[in-house]
Amino acid sequence: MSSSDLKRRVREVLELVGIEKGWWKEKLAKFSAGMRQRVGFARAILNPKNRLVILDEPTANLDPIGRAFMLKLIKKLREREKTSFFISSHILSE
């Protein structure tokens, strides 16, 4: 993957997980715990060839709206990209 393709993919994935363009060049230390959680998820799905993604507490540090968003995104990726997710969570409904 070329440098420009990688940059395009990174931006695409950051948008997908809900990180707005204004934050793309900020240092991770400025991010809230919930935003860092989204970055971690983005890193996990960055490679489109991944067919299995293992997530440990993917909704930790997210507010209720962020939790719902993340779970819908996981379902969407499972259906659209045929990616399987193995999720470890203390929240039984997840």
Side-chain angles (χ1 to χ4, degrees):
M1 184 179 285
S2 72
S3 176
S4 62
D5 289 341
L6 180 59
K7 285 180 183 180
R8 186 175 334 110
R9 176 67 181 160
V10 167
R11 289 180 176 161
E12 174 186 300
V13 171
L14 289 175
E15 282 183 15
L16 186 66
V17 301
I19 296 180
E20 299 173 11
K21 290 179 184 177
W23 286 96
W24 290 355
K25 293 187 178 185
E26 292 294 332
K27 293 185 186 264
L28 196 57
K30 291 186 176 185
F31 285 27
S32 68
M35 286 179 71
R36 284 193 296 264
Q37 189 73 358
R38 289 174 188 254
V39 170
F41 183 73
R43 288 180 67 198
I45 64 169
L46 186 61
N47 184 345
K49 294 180 182 178
N50 286 346
R51 292 293 167 227
L52 173 64
V53 177
I54 300 172
L55 302 172
D56 183 25
E57 303 279 346
T59 61
N61 298 313
L62 297 176
D63 61 19
I65 294 170
R67 284 179 184 267
F69 172 84
M70 188 65 68
L71 293 173
K72 284 180 186 176
L73 179 57
I74 289 168
K75 287 179 184 178
K76 178 180 170 181
L77 291 172
R78 184 189 66 198
E79 293 166 0
R80 187 180 77 189
E81 305 294 331
K82 306 295 185 220
T83 301
S84 296
F85 291 89
F86 183 86
I87 299 173
S88 171
S89 177
H90 291 95
I91 302 171
L92 296 178
S93 62
E94 292 180 358

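Checking side-chain atoms of Arg9 against main-chain N and O of Asn47 turns up no donor-acceptor pair under 3.5 Å. A distance-only check finds no donor-acceptor pair linking the side chain of Thr59 to the backbone of Leu62 [under 3.5 Å]. Distance alone, capped at 3.5 Å, is enough to place a donor-acceptor pair between the Gln37 side chain and the Pro58 backbone.
Shortest non-hydrogen contact noted between Ser89 and Ile91 is OG-N, 3.0 Å. The minimum heavy-atom distance between Thr83 and Asn50, with the atom names listed, is OG1-O, 3.6 Å.
Between atom CZ of residue Arg51 and atom CD of residue Glu81 there is a gap of 7.0 Å, rounded to the nearest 0.5 Å. Atom CD of residue Glu12 and atom CG of residue Leu16 lie 7.5 Å apart, to the nearest 0.5 angstrom. Atoms CG and NZ, from Leu73 and Lys75 in turn, are 12.0 Å apart once rounded to the nearest 0.5 Å. Here the straight-line distance linking atom CG of Leu71 with atom CZ of Phe85 works out to 11.0 Å at 0.5 Å rounding. Within the model, atoms CE of Met35 and CG of Leu28 stand 9.0 Å from one another, a figure rounded to the nearest 0.5 Å.
For the side-chain contact (heavy atoms from CB on, under 4.5 Å) with Ile45, the qualifying choice from Ile74, Leu55, Val13 is Val13, the only one to do so.
Side-chain contacts under 4.5 Å among hydrophobic residues (ILVMFWY), followed directly or transitively, place Ile54 together with Leu52, Phe86.
Between Phe31 and Trp23, the two ring planes are perpendicular [angle over 60°; tilted spans 30° to 60°].
Remark: Asp56 pairs with Ser88 by the side-chain contact (heavy atoms from CB on, under 4.5 Å) rule, at least two apart or across chains.
The salt bridge (charged side-chain N to carboxylate O under 4.0 Å, His left out) pairs that include a residue from residues 30-45 are Glu26-Lys30, where partners are two or more places apart or lie in different chains.
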